[in-house]
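Heads up: numbering here begins at 1 and tracks the sequence. One-based numbering, in listed order, for ligands and for the atoms of each.
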Amino acid sequence: MTISPQLDTRADGASNPPRQLDVLVVGAGFSGICAGVKLQEAGVRDFLIVEKGDDFGGTWWHNTYPGCAVDVTSPMYSFSFAQKSDWSNLFAPQPELLAYAKRVAEDHGLARRARFGVAVERLVFDEAADRWDVFLSDGSVCRARVVIGGFGGLHVPKIPEFEGLSRFQGQVFHSAQWRHDVDLRGKKVVVIGTGASAVQFVPEVAKRAERLTVFMRSPHWVLPRLDYAIKPWQHAILKRVPGARRLLRAGAYFLYEAFVFNLFFPKVFARFFEAAAKAHLRSQVADPQLRALLTPDWRFGCKRVVMSSTYYPALQRPNVILEHSGVAEFAERGVRSADGTLHEADVVVLGTGFETTEGVLRLPIFGRGGRSLAEEWRANGPEQFLGLGMHGFPNLFTLVGLNTTGGNQSVIFAIEAQMHYIGQAIGWILAPGSRDTRVELRERVQRDYNRDVQRKLKTSVWLTGGCKSWYLDSKGRNAIAWPGFSAGLWWKTRKAKRADWELSSAQSRGSAEGYAGAAEVVLAGERVPVAVDLRGHRDPLGGEYRWYGQIAKNAKVAELAERHAAGDVPAVLQLPGREPVPARLTDADVEGNIRIAGAGALPFAARPGAPSARV
Ligand code: NAP
C-alpha cells in the first residue's frame, strides 16, 4: 500500500487543475504510436501520449549500443499500415528503426498529442468517477477515462547485485544506457552477459578496446544472421510492383512462424535447429575446446535464440578473453572471476538484460477497491487476458502485456492485433451516447483463459528445455510467451466479446448498498471525526463483501495516513451506531479526498445476507 509523498500538496489544492482526457497512452514506443494512430482512426481525438524519453521510438530510443539492430526481419518488423519499401537491410539497424518510428508518428500528426520527458509515476482508479488519476513526474495529474499502457517489457535494466560494485573506480553502464561519451578506444573493457544484446555489441567493442573480457554465465545457441543489403532495384520493385511488399512481408512472417514448431514440439524439431547452430559454430570456431565451451546444454529455443555471424569471430580475436568461471566480485580496478583472476577494466558494460514483469511492477497501479497490481501479481502470479486487460483494473488496457510474444515473431504484429481489440472495448464506453463508463474484465474469463494458457505452455521448450530464462518467473511460470502460433492471437483479437467484460456506470451500480455522512476514523489511537461516502458489494465469485469510498479532505487524516501507509498504525472506521471495522486508507484523489476500502466486515447496514460487522 502506498501513500504518495504528493498527497499533502494535492490535499492543499494543486495550482494546476488536473487535465481531463478520454484516453491517456503511456509510452511512445511502437505500442504508443500504434495506439495513437488507431485512436485517431476511430475518431478519438481527446488523448495524450506521455513518454519518459525525449522522442518517439521506445526500445529503439533507449537502446543505442553499437551494433544494435532488429533480429526479426524489417519487412515484418513494421506496421501493416505503414509499410516501407526502402529498408537498407533485411535486419535494419537501430538508427533506421528509430527514424521509421519517428516518421510514422510524424505522418500521423502524433507529436501534438505527445508529452516527452515525463514519466508516469502512479495510476489510481477513481471508482466514483470511473476515471484513472495519472500522476506524472512533473507533478501534474491527468484524469483519463481510459489508460492504454504501452509500457514495453525491455526497458528497465536488470542490474545484478554484484559484490563490490560500488568499489569499482572505472565507468559502469548497462547496454540500454550506453555511454557514448565514454571512448572505448585503447581501453580495457569487461562485458558481463552474452544474450541477444551482448552478441550484437561485443563484436563492435572488440574492434575498439585494447583488451576485452567477456563474462559468459551460460552459452547461447547462435544461428548465423542472414542479413542482406537490399539493392536499389529491389527497393524499386517493392515500391512500384503492386503486392511486392506484402509478398515479402508474408514470406518473412511464415518463415519466422515456422519456429513455433520448435517451441511447442522441441523433442521433434529442436534437433534440426541445434544441428544448424552446431554447424554454424563448427564453421566459425576451429578449436574443439572453445566449441565445447560455447555449446549450450539446454534445448534450442529454451532461451531466446540469438543470431550473429560476427560474435564467434569476435571472441577469437587476440585482444578478447572469454571468461566462464563466473563473476566473483568487483574490485577497484576490475572484475574478479570465480577462479580468482582479476580482469582489469577501465569500463564495464552490463549486458545483463531487463526486468520484464518486475519492470511493470515498479509502477504503482491501484485498481478497484484500492487493489495494488504489484501486490496481486506478487501474491498470485502475474495474470492478464490476451495481454491487454485485467480483472480489478477497469478501463486499463495494455499492449504486449503478459503471454503475447514467443520471441520468434515481430512484436508489432501482436501490438496491432491487440489494439484492434482494445479499440472495440473502449468504444463500448467512449462511443457517443454510451451510458456505460466502466469496462472491466470478468474474473472468470481471466481465470479460465490463464488456466488454458498455462496448460498449453506446459510442454513448451521454455518449461521442458532445461534452462532458466527471463521467460520464467521465480515460481517457474511463463507469463511472457504466447502459447502457440501468433495467428491465434490475431484470431482471438478480431472480435471483442462483450460477454467477457462487465459494463457499468455509477447509475447502474446505484443498487449497491452504501452510506454517506458522518463517521469516525481511528488512527494511531486518535479518533478523528470525518465525512465519508461509501459503497459496497458482494464479490459475485469469491462471495466476500467489499466496500470502498472516500473520506472528505481532512488534514489530520492525511497526516496520520502517511504512518498508516508505512505500516505503523492500523486504521479503523466507525459509523454512528455501528461496530468499528478495520479499514485501509489507500490514497488521496486530486481533490484531496482520501480513499478508504475494506473487505469482509461491513461498516454500514447491509441487505439481508451480507456479513455483520466485526473487528
Ligand atoms: P538477456 O537475453 O536476458 O541476456 C542477459 C545476459 O546476462 C545473459 O547472458 C545472462 O546469463 C547474463 N547475466 C544476467 N545476470 C547475470 C549475472 N548476475 N552474472 C552473470 N551473467 C548474468 O538480455 P539481453 O541480451 O539484453 O536481451 C534481452 C532481450 O532483448 C532479448 O531476449 C530480446 O528479446 C531483446 N533483444 C532484441 C533484439 C532484437 O534485435 N530484436 C536485440 C537485443 C535484445 P544467462 O544466460 O546465464 O542467464
Side-chain angles (χ1 to χ4, degrees), residues 29-30 58-60 62-74 76-78 89-94 96-98 152-165 173-178 190-202 204 213-223 225 227 256 294 296-298 301-308 311 322-330 335-338 343 348-359 400 404-414 462 465-472 480-481:
F30 277 81
T59 198
W60 304 104
H62 287 283
N63 286 278
T64 60
Y65 58 77
C68 183
V70 69
D71 55 16
V72 173
T73 62
S74 323
M76 195 56 215
Y77 197 89
S78 46
N89 285 63
L90 209 49
F91 299 99
Q94 173 267 340
E96 197 174 351
L97 291 157
L98 184 59
L154 301 171
H155 63 100
V156 179
K158 187 173 128 197
I159 314 278
E161 288 176 7
F162 291 115
E163 177 77 31
L165 183 56
F173 54 85
H174 187 272
S175 61
Q177 296 165 337
W178 199 271
V190 161
V191 166
I192 302 179
T194 52
S197 303
V199 158
Q200 291 186 334
F201 67 74
V202 158
E204 300 304 315
T213 308
V214 178
F215 274 80
M216 175 181 77
R217 189 163 66 178
S218 36
H220 288 226
W221 289 108
V222 182
L223 285 178
R225 192 154 180 274
D227 201 3
Y256 273 69
L294 291 170
D297 59 1
W298 36 268
C302 184
K303 287 177 195 257
R304 192 176 190 274
V305 176
V306 295
M307 282 191 252
S308 175
Y311 174 61
L322 180 65
E323 174 57 65
H324 58 95
S325 74
V327 178
E329 58 165 1
F330 274 63
V335 182
R336 199 178 307 283
S337 51
H343 297 269
V348 176
V349 184
L350 303 174
T352 42
F354 298 89
E355 304 285 4
T356 48
T357 50
E358 278 299 312
V400 264
T404 39
T405 52
N408 64 310
Q409 197 45 272
S410 165
V411 79
I412 298 174
F413 178 84
W462 297 290
C467 80
K468 266 194 189 165
S469 74
W470 57 262
Y471 285 91
L472 306 185
I480 304 290

Does a side-chain heavy-atom distance below 4.5 Å link F173 with L350?
-> no

Give me the ring orientation class for F330 and F162: parallel if the planes are under 30° apart, tilted from 30 to 60°, perpendicular past 60°.
-> tilted

State which residue, out of P296, P219, S469, fulfils the side-chain contact (heavy atoms from CB on, under 4.5 Å) condition with K303.
-> S469

Just say parallel, tilted or perpendicular for the rings of H220 and W298, cut-offs at 30° and 60°.
-> perpendicular

Heavy-atom cut-off of under 4.0 Å around ligand 1: list whichever protein residues fall inside it, by chain and number.
-> Y65, A69, V70, D71, L154, P160, F162, I192, G193, T194, G195, A196, S197, Q200, R217, S218, H220, K303, R304, G351, T352, G353, F354, W470

Could you list the residues that satisfy salt bridge (Lys or Arg N to Asp or Glu O under 4.0 Å) with E329, not counting sequence neighbours?
-> R167, R336

Centroid separation F30 to Y77 less than 6.0 Å | yes

